[in-house]
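Notes follow the structure.
Protein chains get the first letters and strands the later ones, always in sequence-line order, with residue 1 at the start of each.
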Number of protein chains: 2
Amino acid sequence: MAFTYEFPRPSVTVDSVVFGVGQDAEGNPDLQVVLIERGLEPFKGRLALPGGFVEVRDDGDRGESIDDAAYRELREEAGIKPDYLEQLCTIGDPGRDPRGRIISIAYMALVRTVDHVAVAGDDAKAAAWHSVKRVLATRNALAFDHDKILRLAYERLRVKVRYAPLGFNLLRPPFSLSELRVVYETILMRKLDQANFRRRILDMKILVEVGEQTGVPHRAGMLYRFDKRVYDKAVRDGFNFEIPQPPEGRHP
Amino acid sequence: MAFTYEFPRPSVTVDSVVFGVGQDAEGNPDLQVVLIERGLEPFKGRLALPGGFVEVRDDGDRGESIDDAAYRELREEAGIKPDYLEQLCTIGDPGRDPRGRIISIAYMALVRTVDHVAVAGDDAKAAAWHSVKRVLATRNALAFDHDKILRLAYERLRVKVRYAPLGFNLLRPPFSLSELRVVYETILMRKLDQANFRRRILDMKILVEVGEQTGVPHRAGMLYRFDKRVYDKAVRDGFNFEIPQPPEGRHP
DNA sequence: ACAAAAGTGTTACCCCTACACCCATGC
DNA sequence: GCATGGGTGTAGGGGTAACACTTTTGT
């Protein structure tokens with residue numbers, strides 16, 4: 001089977017940066033990303049973002065949407081169903097892939113690591129969680145221009161988590177405010193004042209109480225879940241989600 | 001000449017939303033967008049965003065980058081060299097284009113209308129400025145899914161102009177603070193307090209004085225230009241550009 | 001003189017950071 | 001009792017929205 005066109009055409013792929021908050025070797029919370037080990041050339045054996053070619057058909061049914069392609073590849077390559085998926089950017093420099101002209105649409109996805117402790121592809125590709133900090137600290141850790149994409153995704157996450165309710169896609173409800181705060185501290189890589197974080201989140205009135213902690217070696221705290229309905233209504237009424245910028249350069 | 005592949009491939013296009021601040025029929029400042037009248041089917045005669053196919057080659061030189069394609073199409077279709085170009089999103093639903101599977105990469109561009117009073121394509125396509133408000137108020141004003149893209153672009157502009165120095169790409173230096181304020185008022189579609197806007201912008205220290213107004217029927221004001229060097233340095237030092245959100249729902 | 005925009009000053013208020021402090025629970 | 005995190009209170013300070021006011025120029 002072959003497909004012939006009047007003008008040359010590029011291949012189009014999707015690649016996804018899947019973030020989760022897990023734990024590092026010492027048990028500290030750690031921002032992590034799902035990477036696969038490439039089974040084929042080019043970059044065979046190297047780490048890369050999960051992804052693959054967008055399915056195109058030339059008949060009446062013309063194939064899947066780009067979002068669907070991202071979902072499908074995540075399922076096939078890493079067994080992941082993301083809770084949140086957002087388009088990041090499209091990269092298409094000639095020469096970014098040795099196989100030819102390949103345009104890649106990058107996505108950022110968020111998952112609850114607890115739901116995806118084991119991630120694994122079905123075609124002999126090993127998929128696993130890796131520390132974002134570690135990967136970003138390594139020069140050319142990833143195949144193709146995936147380092148660049150990861151860097152961009154992390155930057156986007158770090159900025160956007162402050163003004164959009166992304167954090168809730170990283171923990172399983174019900175959660176305590178401390179668990180939520182730890183997610184934010186992990187992403188923002190700085191400490192947040194417990195009392196003020198608490199007030200700020202609760203004042204938004206976008207969480208609903210769903211019970212109390214039990215068996216904890218301290219006063220039991222309230223457990224919550226994020227209510228998207230309430231959030232959307234609040235947004236329509238002019239509400240703006242916001243976690244403030246750190247005061248940073250202070251000399252007390 | 002024909003090009004044959006093992007698997008079917010999509011066509012890839014770029015489409016650009018070019019914004020400018022011009023004047024409406026009554027001489028009031030008006031946010032405008034460049035649209036072309038399509039000369040070919042499908043949607044012949046309808047208004048559409050300027051754009052076209054990304055050039056791909058199969059030989060050693062594999063063609064242009066996506067950004068380059070956006071620049072080239074703007075030049076060819078509307079004679080425009082944008083001062084600012086930013087990738088918006090990529091749309092690729094099967095069925096969005098009756099000609100087949102076409103994936104489109106959308107861009108947002110900003111220009112100084114005074115530099116592009118006459119916009120015109122070279123291949124018999126009429127390119128012209130249109131009121132964004134008017135176009136958005138019309139159902140299916142544009143071909144394909146370009147209404148959706150325009151809406152997305154305007155939303156992005158409205159949000160981003162508050163936290164990034166985009167406004168300066170819409171007026172020719174030197175400009176007065178009033179001219180700058182009018183640009184912001186036009187995009188945000190609300191009045192800004194003159195005194196506070198002035199202080200806020202000047203406190204940023206990202207403008208440099210380049211003379212004074214002359215021949216104006218009121219006290220001459222200072223003229224400025226935006227200094228990207230100074231801005232970049234300020235950003236590195238932790239500075240954040242920001243035009244505040246309107247207090248909106250107040251009952252004084 | 002008048003209009004119109006430039007530019008400066010001021011105040012009252014809101015917010016919110018930083019910190020202190022009490023509460024409840026398991027060990 | 002003690003450690004740990006949950007949860008509440010508050011004083012002080014910074015920022016700024018709103019508005020008044022003065023200045024300068026052309027007609």
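As rounded to whole Å, 11 Å separates atom P of C:dC16 from atom CD1 of A:I243. As rounded to whole Å, 16 Å separates atom P of D:dT10 from atom CZ of A:R198. Following rounding to the nearest Å, A:R199 (CZ) and D:dT8 (C1') show an atom-to-atom distance of 7 Å. Between the C1' atom of D:dG9 and the CG atom of A:D193 lies a distance of 13 Å, rounded to the nearest Å. Between the P atom of C:dC16 and the CD atom of A:Q194 lies a distance of 17 Å, rounded to the nearest Å. In this structure, A:L180 atom CG and D:dG5 atom C1' are separated by 15 Å, rounded to whole Å. The CD1 atom of A:I201 sits 15 Å away from the C1' atom of D:dG7 (whole-angstrom rounding). Atom P of nucleotide C:dA6 and atom CG of B:L223 are separated by 10 Å, given to the nearest angstrom.
Of all nucleotides listed (C:dA4, D:dT23, D:dC19), C:dA4 comes nearest to the side chain of B:H218. Among the nucleotides D:dT16, D:dG6, D:dA18, the one closest to any side-chain atom of B:R200 is D:dT16. Considering only side-chain atoms of B:A195, the nucleotide from C:dT17, D:dT8, C:dT8 that sits closest is C:dT8.
You'll find the side chain of A:L207 reaches within 4.5 Å of the side chain of A:I201, heavy atoms only.
Electrostatic pairing of A:E86 and A:K160 counts as a salt bridge here, judged by a charged N lying under 4.0 Å from a carboxylate O. Residues A:K233 and A:D237 are paired through a salt bridge, judged by an N-O separation under 4.0 Å between the basic side chain and the carboxylate.
Closest-nucleotide positions on DNA chain C for A:P217 and B:Q213 were compared, and the one nearer the 5' end corresponds to B:Q213.
Ring pair B:Y224/B:F175: centre-to-centre distance not below 6.0 Å.
A:S176 has no side-chain polar atom (N or O) that falls below the 4.0 Å cut-off from OP1 or OP2 of D:dG5.
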